[in-house]
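A short worksheet on the structure shown next.
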Protein chains: 2
Amino acid sequence: MSIPGTDELQLLHEQICQAVGDVKRIQILYALHEQPRHVSALAELLEMPQPTVSRHLTVLRERALVIADRQGPAVVYRLADPRLIDVLNLMRQLLRDTLERRATALP
Amino acid sequence: MSIPGTDELQLLHEQICQAVGDVKRIQILYALHEQPRHVSALAELLEMPQPTVSRHLTVLRERALVIADRQGPAVVYRLADPRLIDVLNLMRQLLRDTLERRATALP
DNA sequence: TCCACCTATTCGCATATCCGAATACATCCG
DNA sequence: CGGATGTATTCGGATATGCGAATAGGTGGA
C-alpha cells in the first residue's frame, strides 16, 4: 500500500515502461506473441524497414523482453514472458473503459 | 490472438503507455493510490518543485487517468481507475522475474 | 573462398520531452 | 478590493528518441 522506492520505479521505467513507449515496439510484441518470427518476416508483416525492426528488437532484447534464436542466417525472436501481453491487454481494457467514461461524462 | 489494429495501438500508446513513460508520473500515481492528495502535498512528499508536479498532473488529467477536485483554493487529485496500479504492479512483478531470469541465465 | 542472404550498426538530422525559473491565474477571506 | 495561498502556464535550453540511408557484420552453400 505504500509507495515503492524510487530505485525500483526507476528500474521499472527503464526496463519495462520505456520499452513499451513506442507504437512500433508494441506492434512487434503482439506479432511475436502470435508466433515467433524472424526479422524480415516482422518487417514485411508490419510494413517497416528492416533496420527499424532490428533497432526496436535490440531495445527489447537488451531489456530481456524478447529472446533471439539464430537459425541459420536468420534470427528468430520470441517473447521472453507472455505476461507482457497480459500487461498490454490490461492497458487496452483500461483504455476502453477510460474512453467510455470520458464519453459519457462530458456531454 | 491476432494483432490489434494500428489505430488501437496508437491510442494505447498515446493515452496510457506514454503517460507511464516518466518516473515522476509513476511516483505520482502511486502516491495518489495511497490516498488523494493536493498538488502541494504531492510536491512535498515526492520532493519535486510544484510546477513540475502540476505539469505531470496535467499530462495525467488530459488522459483521464486522474481526476481533479477543487476544494477551496486547493485542487485534490485522485486516481480515476485503480487498475492503473494493477498494471504497474504487474509490470513490477514481470520486472522482478525478468531480472531474476537474467541473473541466473547469464553467469 | 566467394557470394547471397539476412541482420545489425553508424551517421546526421528532425522531433519530442523534460526541466528550472519566472510569471500568470484562481480562490478565499479580511 | 487587496493580499495570501495554491495552482497552472510560458519560455528557453538541454537531453533523449526515432528515422532514413548507407554500410558493416555474420552465416551457410556453391
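Quick note: numbers below take in every heavy atom, side chains included, and nothing from hydrogens, waters or symmetry partners. Chain letters run A, B, ... following the sequence lines, proteins first and then strands; every chain starts at 1.
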Open item on the list: For B/Ile28, is there any backbone N or O sitting under 3.5 Å from a side-chain donor or acceptor partner on B/Arg37?
Closed with: no
Open item on the list: Rounded to whole Å, please give me the gap between CZ in B/Arg37 and P in D/dG6.
Closed with: 16 Å
Open item on the list: Checking side-chain polar atoms at under 3.5 Å, does A/Arg55 have a donor or acceptor matched by the opposite partner on A/Thr58?
Closed with: no
- [ ] Mind checking A/Ser40 for me? I need base, sugar-phosphate or nothing, with any heavy atom below 4.0 Å counting as a touch.
- [x] sugar-phosphate
Open item on the list: Without decimals, in angstroms, what is the distance between A/Gln18 CD and D/dG18 C1'?
Closed with: 12 Å
Open item on the list: Using a 6.0 Å cut-off, check whether atom CD of B/Gln10 has over 12 heavy atoms from anything other than its own residue.
Closed with: yes
Open item on the list: How would you summarise protein contacts on nucleotides 19-30 of chain D per nucleotide, using B for base, S for sugar-phosphate only and - for none, with heavy-atom distances below 4.0 Å?
Closed with: BB-B----SS--
TODO: Return the nearest nucleotide to the side chain of A/Arg25; candidates are D/dT7, C/dT7, D/dG18.
DONE: D/dG18
Task: Separation of atom CD in A/Glu14 from atom P in D/dA16, rounded to whole Å - done: 12 Å
Task: D/dT9 phosphate, OP1 or OP2, under 4.0 Å from B/Thr58 side-chain N/O - done: yes
Task: Spacing between B/Ile28 atom CD1 and D/dA8 atom C1', to the nearest angstrom - done: 14 Å
Open item on the list: Expressed as a whole number of angstroms, how long is the span from A/Met48:CE to D/dG18:P?
Closed with: 12 Å
Task: Check: A/Gly21 main-chain N/O paired with B/His13 side-chain donor or acceptor under 3.5 Å - done: yes
Open item on the list: With a 4.0 Å cutoff (strictly under), does any side-chain N or O of A/Tyr77 reach OP1 or OP2 of C/dC6?
Closed with: no
Open item on the list: Strictly below 4.0 Å, N to O, side chains only: are A/Arg96 and B/Glu8 in salt-bridge contact?
Closed with: yes
- [ ] Please determine, by modelled atom types, if A/Asp97 and A/Gln93 share a side-chain donor-acceptor pair under 3.5 angstrom.
- [x] yes
Task: Integer-rounded Å distance: C/dC18 C1' and B/Gln27 CD - done: 15 Å
- [ ] Rounded to the nearest angstrom, tell me the gap between atom NE2 in B/His38 and atom C1' in D/dA8.
- [x] 15 Å
Open item on the list: Could you measure the distance from the CG atom of B/Leu45 to the CG atom of B/Leu32? Nearest 0.5 Å is fine.
Closed with: 9.5 Å
- [ ] Please state how far atom CD in A/Glu44 lies from atom P in C/dC6, giving the value in whole angstrom units.
- [x] 11 Å
